[in-house]
2 protein chains.
Amino acid sequence: MALGKDYATQECSIARALEVVGERWTLLVIRDALYGVRRYNDFLVHLGIPRAVLANRLQALTAEGILEKRRYQESPPRDEYVLTERGIALWPALRALGIWGREQLGGEPMRTFWHADCGTELSPYGACPACGTLVAVRDVDMRPGPGLDPDPADPVSRALLGPRRLLQPIETEQQGPARRRPA
Amino acid sequence: MALGKDYATQECSIARALEVVGERWTLLVIRDALYGVRRYNDFLVHLGIPRAVLANRLQALTAEGILEKRRYQESPPRDEYVLTERGIALWPALRALGIWGREQLGGEPMRTFWHADCGTELSPYGACPACGTLVAVRDVDMRPGPGLDPDPADPVSRALLGPRRLLQPIETEQQGPARRRPA
DNA sequence: CTTCTCGGTTCATTCACCGAACCGATGATG
DNA sequence: CATCATCGGTTCGGTGAATGAACCGAGAAG
């Protein structure tokens with residue numbers, strides 16, 4: 001693997017974490033899952049990742065207990081990949097990386113994160129300045145920032161445009177005959 | 001590089017950050033630099049990384065302004081790689097990854113982190129519970145945890161054993177120019 | 001029956017990682 | 001002086017992962 005996972009000699013929880021989520025694409029898959037992406041094709045379109053690599057990552061993350069594969073319709077059998085608590089627990093690490101990327105690499109913020117209960121923007125470490133508490137991932141509202149393209153090409157990016165709750169499944173527009181999603 | 005050039009399509013500071021620090025070994029190099037490792041050979045010994053890859057990463061990180069190459073002696077000419085502010089700013093992300101690794105993947109903590117000024121252990125997000133303030137990286141004391149091997153093989157691991165301040169350069173035992181090989 | 005979507009798998013090519021060997025500058029040793 | 005050792009790399013052949021395109025099978029629509 002280009003980003004192999006054998007850090008065997010490293011006695012360190014950081015190295016252990018990187019063995020699991022340090023491979024190429026893996027953290028972006030988890031980021032998308034936090035944003036509400038759940039289906040193979042949506043990951044594929046949004047990430048531009050090779051199909052084989054995506055299948056490999058989804059399987060590995062499921063085996064590690066970070067994603068859970070669950071059947072969401074029977075008539076054509078379809079599965080979706082949903083974050084487990086273990087996966088959701090990566091939110092602080094991903095947020096810290098995002099903060100670093102924006103602050104140190106420059107540019108306008110792409111997305112901002114707010115406490116849904118009180119409408120306050122989150123502090124860099126995920127706490128709500130108004131409430132003084134750590135905000136659960138499910139209580140985080142994601143809103144587009146000034147750096148975000150307001151009219152992206154792919155339907156997944158378009159579905160991720162509006163203000164939305166983290167982890168809430170995205171709703172891509174109907175795009176074909178073989179498409180039937182129960183309410 | 002790690003994620004191709006399609007960060008144009010990945011409008012996201014997380015993806016931008018991973019472009020810079022997402023390659024294999026890169027975050028472990030930065031971790032070691034935070035712990036006080038500065039010299040090529042010390043990174044090499046401690047990480048068990050191929051020499052060519054290490055040279056590549058050090059050069060890339062220097063080009064990105066995360067490390068700074070500086071001459072620390074003239075004869076023989078020797079350089080060391082020191083974290084810049086931009087590199088130090090990765091501490092929260094690395095800490096969040098380490099917290100996740102320990103909490104979700106199990107095991108005893110390898111290292112614990114304390115506020116040097118008041119001797120209180122840091123909260124998961126790097127604040128000092130006693131002082132209520134965010135602790136600067138230079139004011140963090142690192143102490144060995146129960147999961148750490150008390151008698152590691154390589155000299156760098158041994159130098160990193162004791163309680164020590166983050167960023168303080170490590171002192172490997174004198175094996176200066178052409179030391180006679182001991183039994 | 002044909003066509004379409006979804007969720008993969010297969011395959012050839014490219015590329016990064018790996019480990020070992022090698023190299024040049026410098027200094028120590030005998 | 002010749003020899004040897006350290007430090008900080010570079011070079012090179014082999015391997016394995018990433019990549020993009022093609023292919024595939026189940027199911028549903030027309």
Q.
Could you tell me how far apart H46(B) (NE2) and dC7(D) (C1') are, to the nearest whole angstrom?
A. 19 Å
Q: For DNA chain D, produce a single dot-bracket line, 5' to 3'. Pairs: Watson-Crick or G-U wobble, both distances under 3.5 Å. Symbols: ( ) within strand, [ ] crossing, | other strand, . unpaired.
A: ||||||||||||||||||||||||||||||
Q | Listed once per pair and sorted, the salt bridge (charged side-chain N to carboxylate O under 4.0 Å, His left out) pairs that draw on residues 111-124 of chain B, sequence neighbours left out | A | none
Q. Among the nucleotides dG8(D), dT19(D), dC18(C), which one has an atom lying closest to any side-chain atom of W25(A)?
A. dT19(D)
Q: Look up atom CG in D32(A) and atom CG in L44(A), then write down how far apart they are to the nearest 0.5 Å.
A: 11.5 Å
**Q.** Nearest-Å distance for atom pair CG/P, residues L18(A) and dC17(C)
**A.** 14 Å
Q. Whole-Å distance between dG8(C) P and R57(A) CZ?
A. 15 Å
(Q) Counting the atoms with a prime plus P, OP1 and OP2 as sugar-phosphate, which does F43(B) contact under 4.0 Å by heavy atoms, base, sugar-phosphate, or nothing? (A) nothing
Q.
Nearest to the V53(A) side chain among dT19(D), dG9(D), dC6(C), which nucleotide is it?
A. dT19(D)
Q. Just how far, in rounded Å, is C1' of dC6(C) from CD of E80(A)?
A. 14 Å
N/O donor-acceptor pairs under 3.5 Å from side chains in residues 135-151 of chain B, not counting sequence neighbours:
unit_1	atom_1	unit_2	atom_2	d
R138(B)	NH2	E85(B)	OE2	3.3
D149(B)	OD1	D151(B)	N	2.9

Q. Nearest to the side chain of P77(B), which nucleotide is it out of dG27(C), dG8(C), dT26(C)?
A. dT26(C)
**Q.** Pair Y40(A)-R78(A), side-chain donor/acceptor within less than 3.5 Å
**A.** no
Q. Hey, does the side chain of Y72(B) come within less than 4.0 Å of dC7(D)'s phosphate (OP1/OP2), counting only N and O?
A. no
**Q.** Test side-chain hydrogen bond (donor to acceptor under 3.5 Å, both in side chains) applied to T84(B) - qualifying residues, sequence neighbours left out
**A.** none
Q | Spacing of N41(A) atom CG relative to dT5(C) atom P, expressed in whole Å | A | 10 Å
Q | Atom pair CG (L122(B)) and CH2 (W114(B)), whose distance is rounded to the nearest 0.5 Å | A | 10.0 Å
Q: Whole angstrom is fine here: how far is it from CG in N56(B) over to P in dG8(D)?
A: 17 Å
**Q.** Along DNA chain D (nearest heavy atom to each residue), the more 5'-positioned of A52(B) and D42(B)
**A.** D42(B)
Q: Could you check which of dG20(D), dC17(C), dC7(D) has an atom nearest any side-chain atom of R24(B)?
A: dC17(C)
Q.
By nearest atom, which of the nucleotides dA18(D), dC6(C), dG9(D) is closest to the R39(A) side chain?
A. dC6(C)
**Q.** Closest to side chain of P76(B), choosing from dG27(C), dT19(D), dG7(C)
**A.** dG27(C)
Below 3.5 Å, can you tabulate the donor-acceptor pairs from side chains in residues 89-104 of chain B to any protein atom, sequence neighbours excluded?
unit_1	atom_1	unit_2	atom_2	d
R95(B)	NE	P124(B)	O	3.4
R95(B)	NH2	S123(B)	O	2.7
W100(B)	NE1	R86(A)	O	2.9

**Q.** Proximity to the side chain of S75(A) - top-ranked nucleotide from dA28(D), dC7(D), dA18(D)
**A.** dA28(D)
Q) Under the side-chain hydrogen bond (donor to acceptor under 3.5 Å, both in side chains) test, which residues partner T133(B), sequence neighbours left out? A) none
Q. Are K69(B) and dG9(D) close enough that a side-chain N or O sits under 4.0 Å from OP1 or OP2?
A. yes
Q. How long is the line joining OH of Y40(A) and C1' of dC24(D), in whole Å?
A. 12 Å
Q: Look at the side chain of R51(A) and decide which nucleotide, out of dG9(D), dG8(D), dA22(D), has an atom nearest to it.
A: dA22(D)
Q) Expressed in angstrom and rounded to an integer, what is the separation of R71(B) atom CZ from dG8(D) atom P? A) 11 Å
